[in-house]
Amino acid sequence: MLTINLIRERKEFIIERLKVKNFKAEEIIEKILALDSARREIQLKTDSMQAEMNLISKEIGNLMKSGKKEEAEAGKVKTYTLKEDIKSLSDKLIPIETDLKNEIVRLPNLPHESVVPGYGADDNVKVKEGGVLPQLPETALPHWDLIKKYDIIDFDLGIKLTGAGFPVYLGKGAKLQRALINFFLEEGGKAGYREVMPPIMVNEDSGFGTGQLPDKEGQMYHATNDNFYLVPTAEVPVTNIYRDVILSAEVLPVKNVAYTPCFRREAGSWGAHVRGLNRLHQFDKVEIVQIAHPDHSYQSLEEMVSHVEGLVSKLELPYRILRLCGGDMSFTSAVTYDFEVWSAAQKRWLEVSSVSNFESFQANRLKCRFKEKGDKQTRLVHTLNGSALALPRIVAAILENNQTGGGIKIPKVLIPYTGFELIN
RNA sequence: GGAGAAAUGGCGGAGUGGUCGAUCGCGGCGGUCUUGAAAACCGUUGUACGGGUAACCGUACCGGGGGUUCGAAUCCCUCUUUCUCCGCCA
């Protein structure tokens, strides 16, 4: 959520910037500014009426004390109409404030000045490519055939237990999941992230804080009896730790890493290119989250990108890093880097990580602020997060890229975690 | 799930209708003293919105929401959370 001050002061700038995200902001901004000035006008009136009211009440108190009952009664009479006026004015204020918030929430985050305009994946900018593309024989199998061959993931069983998109990991398949989770958490710890194990259901306030609610309501599983949402990513509970919190500047950046299963309804668009592990309703992910000083958040972003790069290269997966164009970025992001790994049998790049700086956009919703030592004013922090990493497509790439006649080779760094070198 | 008690500033803890944004203690910050530190002493100490170039001023906030009253931290209703006891339970 953009701050009202920014909208007031830099209207034209916002409109220009949002064009990069192909978002037409003029109309909403005009509406916001009109509501905002209406709000201030009413508040000014109610505040001064309230001040008068407080004054009269004090006088009545004093008169009562000194026994001047009649004068006190006269004072009371004065308040009756004043009280009614205040009530009717503040009743007007409520819908204005609601409308104002509803409108502000519709504005996406401003893309950073370095973000290029564009409409989709084709306009993204390749920043870097690493690793070696494996040469597989013509007989190489896609991962959905490999998992059947070695009996390590069962989709049909998942359909029986729950539904499509809820795979059951078996034997070495399950151990591989656990190994990857542990590997990612350990690497996060080495990079200075505190490990967090959060709840995987969150309340409405948390959903709002990170921007899933109200817009993306349909993308989350909703436990309606208790009004809880299954988390679509650990970003939600972990970032919300800092909702309504004022940090002191010395503790920044705050770095947390968390593993959670992730639940996404992802209505529509199921077909050939989302076969196997390419898209699931439930999957595992390790997420890194930073709360940063606004002056240093881009340093944090670069650090996170190189952390993720370290992970994919340690797993010996060919990868490329993209900077998303305006049109392909999320609503809340200011800058996003996507990581893709090469899936050799599908002959496709698969997105395995998205690392973003949200600047103060989430912080403003979260009311997460910090204070400089000796400073009276609070300022909004910057929040950042990134997958480090999401498991299913990493598994798909490992399975496909490392297949041999004798089985699937486990990347060296993972062997201490899996306890085996080969899936056969 | 049932019965009872409670929720106050960073923390502890007063305050049961009027000058209370809130006594006091601890902590934090600034200072005096000291070669330095500690101790002692003095001062200071929340957030948001609005007005003002600023100094500053106004308003709101005592778990959340609503009500009674000229006036609510204090009374009433409701929700949430915590604690104690009982029940159930991995």
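Numbered from 1 within each chain, the chains take letters A, B, ... in sequence-line order. As the structure is a computational prediction, the values presented were derived from the model and not from experiment.
B:rG30 atom C1' lies 14 Å from atom NZ of A:K376, rounded to whole Å. Atom CG in A:L63 sits about 13 Å away from atom C1' in B:rU19, given to the nearest Å. A straight line from CG of A:D36 to C1' of B:rC49 spans 11 Å, rounded to a whole angstrom. Atom pair A:K101:NZ and B:rC49:C1' shows a separation of 15 Å (rounding to whole Å applied). B:rG28 atom P lies 16 Å from atom NZ of A:K371, rounded to whole Å. Put simply, NZ on A:K45 is 14 Å from P on B:rG51, counting in whole angstrom units. The distance from atom CG of A:D205 to atom C1' of B:rG65 is 13 Å, rounded to the nearest whole Å. Taking atom CD of A:Q377 as the reference point, atom P of B:rC49 lies 10 Å away to the nearest angstrom.
If you check the side chains of A:S206 and A:N203, you find a donor sitting under 3.5 Å from an acceptor. A donor-acceptor pair shorter than 3.5 Å can be found between the side chains of A:N256 and A:Y242. There is a side-chain donor-acceptor pair under 3.5 Å between A:Y193 and A:Q290. Counting only N and O atoms by type, the side chains of A:R323 and A:S114 include a donor and acceptor under 3.5 Å apart.
Environment of CD in A:E250: crowded, with over 12 heavy atoms of neighbouring residues, nucleotides or ligands closer than 6.0 Å. Counting heavy-atom neighbours within 6.0 Å of A:E84 CD, excluding the residue itself, gives a total of 12 or less. Within 6.0 Å of the CD atom in A:E421, the count of heavy atoms belonging to other residues, nucleotides or ligands does not exceed 12. In this structure, A:Y119 places its OH atom where only 12 or fewer heavy-atom neighbours from other residues, nucleotides or ligands lie under 6.0 Å away.
Among the heavy atoms of the strands, none lies under 4.0 Å from A:L82. If you check every strand for non-hydrogen atoms under 4.0 Å, A:R379 touches nothing.
B:rA73 and B:rU16: their P atoms are spaced 13 Å apart (whole Å). Taking atom P in both B:rC49 and B:rC85, one finds a spacing of 44 Å when rounded to whole Å. Comparing B:rG66 with B:rG12, their C1' atoms sit 31 Å apart, to the nearest whole Å. Rounded to whole Å, the separation between the C1' atoms of B:rG71 and B:rU81 comes to 30 Å. Look at the C1' atom in both B:rG67 and B:rG2: the space between them is 29 Å, to the nearest Å. Comparing the same atom, C1', in B:rC20 and in B:rA72 gives a spacing of 11 Å after rounding to whole Å. Distance noted for atom P between B:rG30 and B:rA38: 12 Å (whole Å). Taking atom C1' in both B:rG46 and B:rC62, one finds a spacing of 12 Å when rounded to whole Å.
A salt bridge links A:K255 to A:E303: one of the charged nitrogens lies within less than 4.0 Å of a carboxylate oxygen. Here A:R39 pairs with A:D36 in a salt bridge; the nearest charged N to carboxylate O distance falls below 4.0 Å.
In RNA chain B, runs of at least 3 stacked Watson-Crick or G-U pairs (N1-N3 plus N6-O4 or O6-N4, or N1-O2 plus O6-N3, all under 3.5 Å) give these stems: B:1-7 with B:80-86, B:10-12 with B:24-26, B:27-32 with B:40-45, B:46-51 with B:56-61, B:63-67 with B:75-79.
A:R393 contributes a side-chain N or O that, together with a main-chain N or O of A:E351, makes up a donor-acceptor pair within less than 3.5 Å.
Residue A:S48 has no polar side-chain atom (N or O) positioned under 4.0 Å from OP1 or OP2 of B:rU59. A:R8 has a side-chain polar atom (N or O) that falls below the 4.0 Å cut-off from OP1 or OP2 of B:rG50. Contact check, A:Q43 against B:rU59: no side-chain N or O comes under 4.0 Å of OP1 or OP2. The side chain of A:R39 places no N or O atom within less than 4.0 Å of a non-bridging phosphate oxygen (OP1 or OP2) of B:rC49.
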Nucleotide N/O to protein N/O under 3.5 Å, stretch nucleotides 68-75 of chain B:
residue, atom, partner, partner atom, Å
B:rC70, O4', A:T79, OG1, 3.4
B:rC70, O2', A:S57, OG, 3.1
B:rG71, OP2, A:K83, NZ, 3.4
B:rG71, O4', A:S57, OG, 3.2

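Of the two residues contacting RNA chain B, namely A:D47 and A:R369, the nearest-nucleotide position lying further toward the 5' end is that of A:R369. In terms of position along RNA chain B, the nucleotide closest to A:T378 lies nearer the 5' end than the nucleotide closest to the other residue of the pair A:T46 and A:T378.
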